[in-house]
Amino acid sequence: VLADIGPATMLVYAPAVNEPRRLTDLDADTVIRTLAPKTLGLQSALKALGPGLRRLVTFGSIIGRIGLEGECHYALANAMQTAASKAWSGAAPGRAALAIEWSVWAGAGMGERLGTIERLSAQGVDAISLDDALSALDRMIATGVHGTLAITSRFGPPPDLSLGTAELP
C-alpha cells in the first residue's frame, strides 16, 4: 500500500482482544493474546509505516486508569499502549501522539460485543453514544490535540477514588 500511495503520515490504531477473567483464572496464553495487539502490534505497525509517520492516535480504555473487575490483563494492555504512544512521540522531533482512553461506547465496540453495557449501567456507567464518540474523535484530530485523554460519559465512582459529595448532573 505504501508503495502505491506514498508514506503514511498518521496512524489511527484501535486494536483489542479482551476475554474478561478474574486474576485467579488467567493463564499465560490469555494474557499474551490480550497484550499482543496493544504492544507488539503497535510496534509492528509503527515499524512498518516508518519515519514518515508524524501523528499517532491510539484507542485505549479508561480501564487502564481505573480498572474493572475481571479486566486486570486488559487494564495492563491499555496502560502499556498509552505508555508506548508517549514513548514514540518523544523519541523523535516532529511527532505527536494522542492516546485516547475511552469509556464504553453504545452501539459499537467492545462493550457491545461483550454484552457488558447493562452490567456497567447498573454500576453507574453510562455508555458514550456512537455519534458523540465519533464527533469527539473528529474534533480531536481536526484540532491536533495530543497527549493522553480520557473520554467518558458518566462512569460512576471507582472504589478507590472519591469524587466528593456533590450531586452530579
Side-chain angles (χ1 to χ4, degrees), residues 1 8 10-50 53 55-91 95 97-130 132-134 136-137 140 146-163:
V1 171
M10 180 175 171
L11 171 62
V12 177
Y13 192 75
V17 169
N18 188 359
E19 302 169 52
R21 302 230 174 103
R22 292 188 169 280
L23 179 62
T24 55
D25 296 331
L26 285 175
D27 57 48
D29 289 339
T30 302
V31 174
I32 290 168
R33 276 193 310 274
T34 304
L35 294 178
K38 294 192 175 280
T39 57
L40 298 175
L42 179 58
Q43 282 180 332
S44 296
L46 293 172
K47 183 177 179 183
L49 295 176
L53 193 65
R55 176 113 194 216
L56 171 64
V57 177
T58 57
F59 277 38
S61 172
I62 196 169
I63 292 171
R65 292 271 171 192
I66 64 172
L68 184 64
E69 182 180 347
E71 299 285 0
C72 63
H73 55 311
Y74 189 63
L76 176 62
N78 282 282
M80 291 176 73
Q81 179 180 265
T82 294
S85 298
K86 289 180 186 179
W88 176 84
S89 179
R95 291 181 177 177
L98 172 60
I100 307 171
E101 297 174 347
W102 296 99
S103 184
V104 66
W105 290 20
M110 188 170 292
E112 286 284 334
R113 286 191 307 277
L114 293 174
T116 59
I117 301 289
E118 287 180 14
R119 178 175 61 94
L120 292 172
S121 180
Q123 296 174 10
V125 177
D126 292 338
I128 303 168
S129 75
L130 182 58
D132 286 347
L134 294 176
L137 176 63
M140 288 182 282
H146 62 277
T148 302
L149 293 176
I151 306 295
T152 180
S153 189
R154 185 178 201 146
F155 62 87
D160 59 346
L161 175 65
S162 172
L163 298 177

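Residue numbers run from 1 in the order of the sequence given.
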d(Q81 CD, L56 CG) to nearest 0.5 Å is 8.0 Å

Without swapping roles, check the side chain of H73 against the backbone of E19 for a donor-acceptor pair under 3.5 Å. yes

With rounding to the nearest 0.5 Å, note down the distance linking CG in L26 to CD1 in I32. 11.5 Å

From T148 atom OG1 to E101 atom CD, the distance as rounded to the nearest 0.5 Å: 5.5 Å

Kindly compute the distance separating OG1 (T82) from CG (L149), expressed to the nearest 0.5 Å. 10.5 Å

Smallest separation among heavy atoms of T34 and V17, with atom names: CG2-O, 3.5 Å

For I151 and M140, what are the C-alpha separation, side-chain angles and deciding distance, and is it a side chain to side chain contact (heavy atoms under 4.5 Å, CB included)? CA-CA 11 Å; I151 306 295; M140 288 182 282; 4.1 Å; yes

Quick one: CZ on R21 to SG on C72, what's the gap to the nearest 0.5 Å? 11.5 Å

Can you list everything that forms a side-chain hydrogen bond (donor to acceptor under 3.5 Å, both in side chains) with S85? Sequence neighbours excluded, please. T58

On a heavy-atom basis, the closest approach of A16 and P37 is N-CB, 4.4 Å

Qualifying residues under side chain to side chain contact (heavy atoms under 4.5 Å, CB included), relative to L49, sequence neighbours excluded: L2, A8, L11, L53

Within the side chain of R95, is there an N or O that forms a donor-acceptor pair under 3.5 Å with the backbone of W88? yes

Side chains of residues 38-47: which donor-acceptor pairs under 3.5 Å do they make with residues two or more places apart or in other chains?
| residue | atom | partner | partner atom | Å |
| --- | --- | --- | --- | --- |
| K38 | NZ | P15 | O | 3.0 |
| K38 | NZ | F59 | O | 3.0 |
| K38 | NZ | N78 | OD1 | 3.3 |
| T39 | OG1 | L35 | O | 2.7 |
| S44 | OG | L40 | O | 3.0 |

